[in-house]
Trainee: 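Encoded as structure tokens, here's the structure I'll be asking about.
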Amino acid sequence: WLFLLGSPDTGKTTDAELFTRWIWGLEENSTSGASLQTLSRIGQKASRWTFANLVNEASTLFKNTPHSDEVREMLRQTWDGTIAREIRKNTGERIVELAGATFIFTANENPIFYPADAKRIEIIKYNPKARVTREEKLIFEKKFNPEKNPFLRILEERFSNGLRKT
């Protein structure tokens, strides 16, 4: 899994969106790390589909919080296997949330990785001096926005039909 780490405005989210949104033609699927701090939310996100999920400001998932060990263990399960978690209800019913999706994490601050986490994540550090100006962002978005670029619109129409979640 990818962990894109660097100062604000260095292109981390844009690069992650290149993988999730523009290459695969997926709808907006980014989530904040703060919104995934429960096991049920991670399980739902991991079992949603097999395409990568973008998690912005994910360092919150790797901080030492009361539930951080459980969250880390569940992430490890999704990295290593096909089941994110199993739930047994009082009725004896067993619910399995599959772990088909990968995650691309972004963060401005250094997360706290345990050795078991670090061996599963590829960290890409962005140069803090490589900040992008607002004008550069607008030029990039105009150039690579399928709604405004006819070539990208054609590619999106030809290749996204089988890739979008139905």
Side-chain angles (χ1 to χ4, degrees), residues 1-89 93-132 136-137 140 144 159-160 162-166:
W1 292 4
L2 290 177
F3 199 105
L4 310 179
L5 180 64
S7 300
D9 299 324
T10 54
K12 301 176 303 294
T13 299
T14 301
D15 287 349
E17 285 179 345
L18 283 170
F19 294 116
T20 61
R21 197 167 162 198
W22 295 336
I23 290 176
W24 290 319
L26 302 175
E27 297 299 326
E28 179 64 39
N29 74 329
S30 65
T31 304
S32 72
S35 70
L36 283 182
Q37 290 185 329
T38 68
L39 298 179
S40 65
R41 289 180 183 163
I42 294 171
Q44 289 168 359
K45 196 73 166 167
S47 64
R48 193 172 107 186
W49 55 21
T50 57
F51 295 107
N53 290 294
L54 169 57
V55 181
N56 286 308
E57 299 311 322
S59 58
T60 57
L61 292 173
F62 298 95
K63 287 186 175 181
N64 290 323
T65 62
H67 300 288
S68 66
D69 286 339
E70 294 171 341
V71 167
R72 287 172 190 269
E73 183 56 34
M74 185 168 186
L75 286 172
R76 284 186 209 115
Q77 288 174 359
T78 63
W79 288 320
D80 295 340
T82 57
I83 296 176
R85 72 178 183 149
E86 291 184 51
I87 306 165
R88 295 227 184 247
K89 292 191 170 190
E93 180 186 6
R94 179 177 164 233
I95 299 173
V96 175
E97 289 182 324
L98 299 177
T102 58
F103 288 90
I104 299 174
F105 302 107
T106 70
N108 296 334
E109 60 185 64
N110 243 342
I112 301 168
F113 287 126
Y114 296 161
D117 303 329
K119 71 179 184 179
R120 293 171 169 91
I121 296 175
E122 183 66 36
I123 300 170
I124 299 173
K125 293 185 178 179
Y126 285 66
N127 185 340
K129 295 179 183 175
R131 293 181 78 142
V132 179
E136 290 171 318
K137 282 183 189 179
F140 181 86
F144 290 100
F159 295 107
S160 68
L163 297 177
R164 291 191 193 279
K165 185 180 175 196
T166 55

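Note that the numbering runs from 1 along the sequence shown for the chain. All values derive from a computational prediction rather than experimental measurement.
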Trainee: Identify the heavy atoms of Phe113 and Arg72 that sit nearest to each other, and give their distance.
Mentor: CA-NH1, 4.1 Å
Trainee: Tell me every residue that passes salt bridge (charged side-chain N to carboxylate O under 4.0 Å, His left out) with Asp80, counting only those two or more places apart in sequence or in another chain.
Mentor: Arg120
Trainee: As an exercise, state the distance from CD1 of Ile83 to CE of Met74, rounded to the nearest 0.5 Å.
Mentor: 11.0 Å
Trainee: Working to the nearest 0.5 Å, report the span between CD of Glu70 and CG of Leu75.
Mentor: 12.0 Å
Trainee: Can you see which heavy atom on Thr106 is nearest to which on Thr13, and at what distance?
Mentor: OG1-OG1, 4.1 Å
Trainee: Enter the distance from Ile112:CD1 to Lys63:NZ here, rounded to the nearest 0.5 Å.
Mentor: 8.0 Å
Trainee: Using side-chain heavy atoms (C-beta onward) and a distance below 4.5 Å, is Glu97 in contact with Gln77?
Mentor: no
Trainee: Test of understanding: with side-chain hydrogen bond (donor to acceptor under 3.5 Å, both in side chains), list the residues that count as partners of Arg94, not counting sequence neighbours.
Mentor: Glu86
Trainee: Quick one: pull up CD in Glu122 and CD1 in Ile104 and give me the separation to the nearest 0.5 Å.
Mentor: 12.5 Å
Trainee: Could you tell me the separation between the CZ atom of Phe105 and the CG atom of Asn56, rounded to the nearest 0.5 Å?
Mentor: 11.0 Å
Trainee: Please set out all donor-acceptor pairs under 3.5 angstrom arising from side-chain atoms of residues 3-10, sequence neighbours excluded.
Mentor:
unit_1: Asp9; atom_1: OD1; unit_2: Lys137; atom_2: NZ; d: 2.7
unit_1: Asp9; atom_1: OD2; unit_2: Arg131; atom_2: NH2; d: 3.3
unit_1: Thr10; atom_1: OG1; unit_2: Ser7; atom_2: O; d: 2.8

Trainee: With under 30° as parallel and over 60° as perpendicular, where do the rings of Phe103 and Trp1 fit, or are they tilted in between?
Mentor: tilted
Trainee: If you take all heavy atoms of Ala116 and Arg76, which pair is closest and at what distance?
Mentor: CB-NE, 3.4 Å
